[in-house]
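Single-structure report; data block below.
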Amino acid sequence: MNKQKIIFSGIQPSGQMHIGHYIGAISQWVEMQKDYDCVFSIVDYHAITVKQNPEELRRRIIEVTKIYLAAGIDSQKSIIFQQSAIPAHTELAWIFNCYGARMADLNRMTQFKDKAGENRESVGVGLFDYPVLMAADILLYDTDIVPVGEDQKQHVELARDIARRFNSEFGEIFKIPQSVVRQEGARIMSLLDPAKKMSKSDVNQNNCIALLDSPEAAKKKIMRAVTDSGIEITYDLVNKPAIANLLTIYAQLGTRQVKRLEKDYAGHGYGEFKKDLAEVVAKFLEDFQKKYNRISDDDVVKILEDGRKKAEAIAQKKLEEVRKLIGVR
Ligand code: AMP
Ligand code: TRP
């Protein structure tokens with residue numbers, strides 16, 4: 001049998017999931033299930049690198065799982081699991097801390113610099129070490145391809161470096177993974193500031209359309225979204241970043257491509273465009289939430305337990321090989 005390529009990706013159960021996650025990440029995973037063996041994680045041990053409220057974390061883990069399922073991740077076909085359920089992840093991360101991961105690499109990570117900001121000396125070690133845990137996630141499964149957003153490319157590069165170093169010391173044990181960043185829609189920007197990424201950590205919720213926002217609230221947010229000077233609806237990232245972002249959202253959540261939308265809206269104003277977009281977004285959310293609401297908490301428990309069993313079998317086997325190589329077994 002032709003062995004399929006393996007995909008691994010994950011999202012942290014922290015903060016609200018929004019249409020940026022759907023467009024930039026999850027919808028791409030759904031497509032990939034057709035051609036690859038996929039493993040998708042809810043990476044809760046990554047989430048605790050910043051402070052989490054325990055009750056909320058518990059709730060978000062279930063929420064993210066339901067969002068994967070409602071978006072079309074098929075638990076029969078793909079493995080869906082909670083990272084903390086499989087100790088091999090943190091154990092391999094520790095081994096990589098000692099073999100392969102270097103201070104200089106981690107010091108270069110732009111996400112750490114951004115997140116730590118001025119507090120570099122006082123943030124937790126976990127935030128600094130986070131990319132090493134991510135490398136363990138990826139490398140445990142002989143992953144070929146890691147679909148991620150632009151901001152995660154550097155972390156996948158690090159996973160490659162760690163794998164290469166480990167392999168050169170102990171032999172070809174880890175497969176060298178590749179990141180894939182979706183081109184169109186790779187970065188959905190804030191509705192209020194097209195220079196900033198739509199983000200779950202933004203304090204102003206009007207910047208962001210959550211996947212669980214009511215369709216009515218989402219419509220209002222679209223109508224309030226900033227636009228650019230001029231009147232034409234054209235995809236121009238330099239001169240019209242706000243309209244370009246809205247066009248991307250329209251194309252990704254609707255059925256018409258950007259080129260088609262530009263033609264269809266030639267001679268029409270921003271007001272009409274936004275009204276139509278608001279309808280498209282509302283319809284998308286309505287359909288999405290119908291599916292989401294059909295999934296019970298019990299379904300989630302069963303699916304995560306099933307995923308844990310499947311993932312653990314793979315991860316544990318890899319970890320055993322590594323333990324032998326380094327001499328603890
Ligand atoms: P995060 O919530 O930042 O941990 O992101 C989880 C995944 O969703 C990563 O692959 C991100 O790059 C992607 N993602 C998050 N926000 C956006 C956005 N605004 N546009 C596109 N992709 C995003
Ligand atoms: N760090 C990723 C993010 O914040 C989430 C993540 C953890 C991940 N482990 C991973 C993504 C492994 C891809 C592969 O988006």
Side-chain angles (χ1 to χ4, degrees), residues 6-29 32 38-50 52 60 63-64 67-68 71 79 81-84 86 89-90 92-93 96 109-112 114-115 126-160 162-163 177-202 207-211 241 244-246 248-249 252-253 311 315:
I6 296 169
I7 302 275
F8 187 101
S9 200
I11 293 183
Q12 304 182 41
S14 55
Q16 272 192 339
M17 299 275 286
H18 53 70
I19 57 170
H21 291 113
Y22 177 80
I23 296 171
I26 307 172
S27 68
Q28 185 185 14
W29 304 354
M32 289 176 141
C38 299
V39 186
F40 300 118
S41 186
I42 295 102
V43 285
D44 47 359
Y45 275 163
H46 276 103
I48 62 164
T49 57
V50 299
Q52 299 294 332
R60 295 272 185 214
E63 191 177 292
V64 175
I67 283 172
Y68 284 4
I79 299 177
F81 77 99
Q82 184 182 347
Q83 182 189 37
S84 68
I86 304 184
H89 288 247
T90 40
L92 184 62
F96 285 157
M109 295 293 127
T110 54
Q111 190 177 71
F112 173 70
D114 289 349
K115 281 198 181 173
L127 191 65
F128 184 67
D129 202 35
Y130 160 129
V132 178
L133 179 58
M134 181 161 161
D137 295 341
I138 296 167
L139 298 175
L140 275 172
Y141 297 88
D142 284 336
T143 301
D144 294 283
I145 295 167
V146 189
V148 280
E150 194 64 49
D151 55 327
Q152 297 296 322
K153 257 171 81 175
Q154 196 185 26
H155 294 157
V156 180
E157 281 301 316
L158 178 73
R160 291 162 62 90
I162 291 175
Q178 248 183 333
S179 61
V180 171
V181 176
R182 177 179 203 150
Q183 284 317 313
E184 196 176 316
R187 259 163 88 85
I188 299 299
M189 310 311 281
S190 157
L191 296 178
L192 300 178
D193 177 0
K196 279 189 357 205
K197 206 173 90 157
M198 183 178 282
S199 164
K200 54 191 173 189
S201 51
D202 203 309
N207 91 87
C208 165
I209 294 182
L211 287 166
N245 189 43
L246 295 180
T248 301
I249 295 171
Q252 296 289 329
L253 300 186

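In listed order, ligands and their atoms are each counted from 1.
Under the 4.5 Å side-chain criterion, counting only non-hydrogen atoms from C-beta, Asp193 is not in contact with Asn207. In this structure, Pro241 and Met189 have side chains that are not in contact, with every pair of non-hydrogen atoms separated by 4.5 Å or more. For the pair Lys197/Asp151, a side-chain contact is recorded, criterion being any heavy-atom separation below 4.5 Å from C-beta on. A heavy-atom distance below 4.5 Å is found between the side chains of Tyr68 and Ile42. Contact annotation: the side chain of Ile67 never approaches that of Ile11 to less than 4.5 Å [non-hydrogen atoms, C-beta and beyond]. The shortest distance between side-chain heavy atoms of Ile26 and Phe40 does not fall below 4.5 Å.
For ligand 1, the atoms closer than 4.0 angstrom to any heavy atom of Gly24 are 21 (C), 22 (N). Near Ile138, the atoms of ligand 2 lying under 4.0 angstrom from a non-hydrogen atom of the residue are 12 (C), 14 (C). With ligand atoms numbered from 1 in the order given, ligand 2 contributes 13 (C), 14 (C) to contacts under 4.0 Å with heavy atoms of Val146. The contact set between ligand 1 and Asp151, taken as ligand atoms under 4.0 Å from a residue heavy atom, comprises 11 (C), 12 (O). Near Gln12, the atoms of ligand 2 lying under 4.0 angstrom from a non-hydrogen atom of the residue are 3 (C), 4 (O).
Classified by interplanar angle (parallel below 30°, tilted 30° to 60°, perpendicular above 60°), the ring pair Phe128/Phe112 is perpendicular. Taking the six-membered ring where tryptophan is involved, the planes of Tyr141 and His89 are tilted, since the angle between them lies from 30° to 60°.
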side-chain contact (heavy atoms from CB on, under 4.5 Å) between Arg187 and Met198, worked out:
CA-CA 8 Å; Arg187 259 163 88 85; Met198 183 178 282; over 6 Å; no
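For atom 9 (N) of ligand 2, the closest non-hydrogen atom on the protein side is Asp137 OD2, 2.7 Å. Among protein heavy atoms, the minimum distance from atom 10 (C) of ligand 2 is reached at Met134 CG, 3.5 Å. The nearest heavy-atom contact from the protein to atom 1 (N) of ligand 2 is Tyr130 OH, 2.7 Å. Protein heavy atom nearest atom 5 (C) of ligand 2, with residue, atom name and distance: Gly10 O, 3.5 Å.
The environment of CD in Gln178 is sparse: at most 12 heavy-atom neighbours from other residues, nucleotides or ligands sit within 6.0 Å.
In summary, of the residues considered (Gln82, Arg60, Gln52), a side chain to side chain donor-acceptor pair (under 3.5 Å) with Asp44 occurs for Gln82 alone.
Residue Gln152 places a heavy atom less than 4.0 Å from ligand 2. Residue His18 places a heavy atom less than 4.0 Å from ligand 1.
Residue-to-ligand polar distances keep Val148 apart from ligand 1: every N/O pair is separated by 3.5 Å or more. Among the atoms of Gly149, some N or O lies under 3.5 angstrom from an N or O of ligand 1. For ligand 1, none of its N or O atoms has an N or O atom of Ile11 under 3.5 Å away. Taking only nitrogen or oxygen atoms, main chain and side chain alike, Arg187 does not reach within less than 3.5 Å of ligand 1.
Contacts between Val148 and ligand 2 below 4.0 angstrom, taking non-hydrogen atoms only, involve the side chain exclusively.
Remark: among candidates Met189, Lys197, Met198, Gln152, the nearest residue to atom 3 (O) of ligand 1 is Lys197, based on non-hydrogen atoms.
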